[in-house]
> 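Shown below is the structure under consideration.
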Number of protein chains: 2
Amino acid sequence: MALTPLQQEFVLHFGEMGSRWGINRTVGQIYALLFISSEPLNAETITEALGISRSNTSMGLKELQSWNLVRLKHFPGDRRDYFTTPDDLWEIVRTLVAERKKREIDPTLTKLRELEMQGPAGDDYAEARIAELRELIEMMTGFYAEMERLETERLVKLMTLGSRIAGLIDKTGGMIPSLTKRK
Amino acid sequence: MALTPLQQEFVLHFGEMGSRWGINRTVGQIYALLFISSEPLNAETITEALGISRSNTSMGLKELQSWNLVRLKHFPGDRRDYFTTPDDLWEIVRTLVAERKKREIDPTLTKLRELEMQGPAGDDYAEARIAELRELIEMMTGFYAEMERLETERLVKLMTLGSRIAGLIDKTGGMIPSLTKRK
DNA sequence: CAGAGATTTCAGAAATTTCTGAAACGGAGG
DNA sequence: CCTCCGTTTCAGAAATTTCTGAAATCTCTG
């Protein structure tokens, strides 16, 4: 499969950005290709389009699957696997955030709790700093857990409202009457 | 400077996590060390504490400075540079988010706009997908711009209120009376 | 402005990550 | 239970990133 110049440039950009996102170039390119392709693609097509080895494609797809970033499709009479990305971009964002949290935040939270468990180490400053960090992360993951439940439409509205909500929270108490009344 | 077992473990953990966060092990360790040290440290002390080369420390500190993650201090009669992290954890988070946005999001937004500029490429699906992605990113960065202005205290309150706010935004319109009234 | 102390730069070494081709594996159909 | 088609695994090659020691640079101080 030959790429159009537009596809080409898009794919190459995501390849380059890949390293900043903690995935490698190939994985970035594969994802970008699936993202801008209207039809599901099989491994052979991807291999050809990106000019990489078949095994590299296999590893890249495996990586993307471990991130839950691709969906598998099948066609009758064809036993090859075909891959796509979800149509809903918000679903993609949600997955991305969830996975990054799992890989980048959770292990640290676990480690911090573990360190606190070990009991007083006679290093007050370090202990205080660790506790503070753990509390911060817990607050943020708690907030995240709330947001996670929202479906796309509500999330969009929340983001649109952003500024107004922000302006409301004042230093004197942060209590919004219509908020505190309910529940 | 010899590290306490607690410091040791904390530092090593951040070193390991570093790779997942797009920074290298040494940079992660240096940051962690500064974070749990009550006093500012100079390059020589860091070098010794982490058992790395002096030049590696220099590069790591330079990297951290480019991320705006460390503060420089000086003591009278000592012309060496001493480094610390901010006391306020929220300030650290803000910096982290701002820098990651700059490195991981902005270049892509620019690229997407650029691709759209190049005009119709006869690939409707790809064009639509790119436009959709750009719009999503613009919405998120817009929301981020709002949040960025909030100082620590308000942010904490917003996060604490999270669930209630989320529950309010309903499908029928998302308009919260007390919100819509004020500008 | 010479010398000492401190930091930065840089080319190559070391370590790590990514990529490939070949071989192993898996499972549907005959 | 063999064969074919497709996928995965894996050991080594290639590429990239990180780290080091030596030299260069920078900047106070006397």
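These values consider heavy atoms only, across backbone and side chains, with no hydrogens, waters or symmetry-generated copies. Letters go in sequence order (proteins before strands), and every chain restarts at 1. From a predicted model like this one, the values you see are computed outputs, not experimental measurements.
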> Which part of the nucleic acid, if any, lies within contact of B/Asp81, taking any heavy atom under 4.0 Å across all strands shown: a base, the sugar-phosphate backbone alone, or nothing?
sugar-phosphate
> Whether A/Arg103 engages the ring of A/Trp67 as a cation-pi pair (distance to the six-membered ring centre under 6.0 angstrom, angle to the ring normal within 45°) should be assessed.
yes
> Residues of residues 45-61 of chain B with any non-hydrogen atom less than 4.0 angstrom from an atom of DNA chain C: list those, numerically ordered, please.
B/Arg54, B/Ser55, B/Ser58, B/Met59
> If every non-hydrogen atom of A/Ile92 is compared with every non-hydrogen atom of A/Pro86, which pair is closest and at what distance?
CD1-O, 3.6 Å
> Within the 4.0 Å heavy-atom criterion, would you say B/Ser19 contacts the bases, only the backbone, or no part of the nucleic acid?
nothing
> Taking any atom closer than 4.0 angstrom to a non-hydrogen atom of chain B, what span of DNA chain C does the protein reach, first nucleotide to last?
C/dA4 to C/dT16
> Please collect all ring pair (Phe, Tyr, Trp, His ring centres under 6.0 Å) contacts where either partner lies in residues 69-90 of chain B, sequence neighbours excluded, each pair once.
B/Phe75-B/Tyr82
> Sequence neighbours excluded, which residues qualify as side chain to side chain contact (heavy atoms under 4.5 Å, CB included) partners of B/Lys101?
B/Ile105, B/Asp106, B/Thr141, B/Tyr144
> Only counting residues at least two apart or in another chain, list the ones meeting side chain to side chain contact (heavy atoms under 4.5 Å, CB included) with B/Arg134.
B/Leu109, B/Leu112, B/Arg113, B/Glu116, B/Ala131, B/Glu138
> In chain order, what residues pass the side-chain hydrogen bond (donor to acceptor under 3.5 Å, both in side chains) check against B/Gln65, with sequence neighbours excluded?
none
> Between B/Arg25 and B/Tyr82, just flag the one whose closest nucleotide in DNA chain C comes earlier from the 5' side.
B/Tyr82
> For A/Arg79 and D/dT8, give me the distance from atom CZ to atom P, rounded to whole Å.
13 Å
> Look up atom CD1 in A/Ile130 and atom CD in A/Glu114, then write down how far apart they are to the nearest 0.5 Å.
11.0 Å
> Does either side chain, that of A/Thr85 or that of B/Arg129, offer a donor lying less than 3.5 Å from an acceptor on the other one?
yes
